[in-house]
Amino acid sequence: MKLLKKINNNFALGLDSSGEEVIVSGKGIGFNKMPCVIEDLNLITRTYYDIDSKYIGLINEIPEEILDISSSIVEYLKRKIDAQLNPNLVFTLADHINFCIERYKKNIMFSYPLAYDYKILYKVEVDVGFQALKMIERRLGIRLPNDEAIGIAINIVNSEVNKPKHQGSKEFDYLIQNITKLIESFYKTSVDKDTINYSRFVTHLQYLFMRLANGEAIQSDNNAIFKNLIASTPDTYACVLEVSKYLEKENNWKLSEEELLYLMIHVNRLFMREDCNRKGITP
């Protein structure tokens with residue numbers, strides 16, 4: 001195994017014996033002077049193939065124990081399901097779990113309106129979601145609400161290759177393009193579509209549209225958090241109100257305060273690492 005570039009102390013970019021690019025992990029593997037050749041493959045604990053380059057940055061953003069939990073979840077999933085999975089799932093799922101934990105620590109909770117449908121249509125994925133919650137509690141001592149099993153299942157289903165798209169996917173793509181243009185116009189800047197933050201934003205919008213199309217809404221008690229976020233990022237609030245007006249005009253969809261709250265969070269994340277000095281955006 002040839003190591004090409006250090007990602008951090010325990011991750012590196014390498015080439016396998018067939019010359020195929022791979023991300024490898026192993027304790028202290030990043031301390032090697034690179035490029036170099038690793039003869040003892042026992043030093044490598046995990047390999048990740050066909051990873052989109054935009055997800056590599058997540059390795060330095062997400063705690064390694066969460067990346068390890070996500071890898072274990074995906075390994076468990078592969079034993080339970082007969083489906084081809086997007087190779088980026090380990091990293092997108094780790095990002096989702098990390099965000100769940102951040103929300104949990106801030107006492108931002110919500111239930112997934114699609115829970116009943118998922119329990120019926122995607123029983124295996126939901127069961128894996130509950131197993132994932134047990135892994136998180138066992139390894140991190142954090143007991144996330146049972147509803148988060150649905151969020152994990154949604155990420156899994158979204159990663160299953162060749163699964164038929166939602167019937168409104170073309171319309172959703174149109175809405176996402178227009179909302180992106182609206183946000184770019186509001187902030188007088190362009191959004192880099194190749195970043196992980198934009199991928200997160202698009203995923204949130206897709207789930208939002210699914211809920212609105214099904215006449216379902218997030219239900220929780222985050223009013224105080226919503227008011228605090230408006231006070232701290234008034235321009236973000238003004239921006240999402242423009243998005244809300246657009247969706248009401250386009251599809252007669254009305255966003256609740258809860259949906260506005262989560263849209264604000266994701267708009268903030270969209271710009272978080274691109275320009276923390278932009279108005280209304282907080283790091």
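Values in this document were obtained by computation on a predicted structure and should not be read as measured data.
The shortest side-chain heavy-atom distance between Phe209 and Ile176 falls under the 4.5 Å cut-off. Counting only heavy atoms from C-beta outward, the side chains of Leu260 and Phe226 approach each other to under 4.5 Å. Using a 4.5 Å cut-off on side-chain heavy atoms (C-beta onward), Ile59 and Ile23 make contact. Between Val267 and Tyr187, some side-chain heavy-atom pair lies under the 4.5 Å cut-off. The closest side-chain heavy-atom distance from Leu208 to Tyr262 is not below 4.5 Å. Using a 4.5 Å cut-off on side-chain heavy atoms (C-beta onward), Phe201 and Gln206 make no contact. Side-chain atoms of Tyr48 and Phe11, non-hydrogen and from C-beta on, do get closer than 4.5 Å to each other. Residues Met1 and Glu39 form no side-chain contact, since every pair of their non-hydrogen atoms from C-beta on lies 4.5 Å or further apart.
Ion pairing between a basic and an acidic side chain is recognised when a charged N comes within 4.0 Å of a carboxylate O; Glu148 and Arg103 show such pairing. Taking the charged nitrogens against the carboxylate oxygens, Lys245 and Glu242 do have a contact shorter than 4.0 Å, which makes a salt bridge. Salt-bridge annotation for Asp127 and Lys80: absent, with no side-chain N of the basic residue lying under 4.0 Å from a carboxylate O of the acidic one. Using a cutoff of 4.0 Å between basic side-chain nitrogens and carboxylate oxygens, Glu20 and Lys2 are not scored as salt-bridged.
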(message) If you apply the rule side-chain contact (heavy atoms from CB on, under 4.5 Å), what do you find for Ile56 with Phe91, and how did you get there?
(response) CA-CA 8 Å; Ile56 295 177; Phe91 299 100; over 6 Å; no
(request) Would you please test His266 and Phe99 for ring-ring contact (aromatic ring centres under 6.0 Å, His included) and show each step? (result) CA-CA 11 Å; His266 282 277; Phe99 189 42; 5.5 Å; yes
(message) The test is salt bridge (charged side-chain N to carboxylate O under 4.0 Å, His left out); show your working for Glu75 and Lys78 and say whether it passes.
(response) CA-CA 5 Å; Glu75 289 169 0; Lys78 288 178 178 178; over 6 Å; no
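With values rounded to the nearest 0.5 angstrom, Leu93 atom CG is found 10.0 Å from Ile69 atom CD1. Atom-to-atom distance recorded for Asn155:CG and Ser159:OG is 8.0 Å, nearest 0.5 angstrom. Distance CG/Leu13 to CE/Met34: 9.5 Å, rounded to 0.5 Å. Distance CD/Glu61 to CG/Asn98: 9.0 Å, rounded to 0.5 Å.
Heavy-atom contacts from other residues, nucleotides or ligands closer than 6.0 Å to NZ of Lys6 number more than 12. Residue-environment remark: CZ (Arg139) exceeds the threshold of 12 foreign heavy atoms within 6.0 Å. Few gaps surround NZ on Lys193; more than 12 heavy atoms of other groups in view lie less than 6.0 Å from it.
Of the possible polar contacts, none joining the Ser70 side chain to the Ile66 backbone as a donor-acceptor pair under 3.5 Å is found. Between the side chain of Asn60 and the backbone N or O of Gly57 there is no donor-acceptor pair closer than 3.5 Å. Using modelled atom types, no side-chain atom of Asn10 and backbone atom of Ser25 make a donor-acceptor pair closer than 3.5 Å. Using modelled atom types, one side-chain atom of Ser232 and one backbone atom of Leu229 make a donor-acceptor pair closer than 3.5 Å. Between the Glu184 side chain and the Val191 main chain, a donor and an acceptor come within less than 3.5 Å of each other. Checked by atom type and distance alone, the side chain of Asn88 pairs as donor or acceptor with a backbone atom of Asp52 at under 3.5 Å.
No cation-pi contact links Arg269 to Tyr198, judged by a cut-off of 6.0 Å to the six-membered ring centre and 45° from its axis. Both tests do not hold together for Arg211 against Tyr207: distance to the six-membered ring centre under 6.0 Å, angle to the ring axis within 45°.
A donor-acceptor contact under 3.5 angstrom links the side chains of Glu171 and Asn251, judged on distance only. Donor-acceptor pairing under 3.5 Å is recorded for the side chains of Ser199 and Lys54. Judged by distance alone, the side chains of Tyr49 and Asp16 do bring a donor and an acceptor atom under 3.5 Å apart.
Criterion: ILVMFWY side-chain heavy atoms under 4.5 Å apart, direct or through other members. Under it, Leu15 and Ile29 are not part of a common hydrophobic cluster. Residues Phe31 and Ile44 do not share a hydrophobic cluster, defined by chaining ILVMFWY side chains whose heavy atoms lie under 4.5 Å apart. Note on Ile136 and Ile108: same hydrophobic cluster, where clusters join Ile, Leu, Val, Met, Phe, Trp and Tyr whose side-chain heavy atoms are under 4.5 Å apart, directly or indirectly. Following chains of ILVMFWY side-chain contacts shorter than 4.5 Å, one can reach Ile152 starting from Val157, so the two form part of one hydrophobic cluster. Hydrophobic clustering (ILVMFWY, side-chain heavy atoms < 4.5 Å, transitive): Leu270 and Tyr237 are in one cluster.
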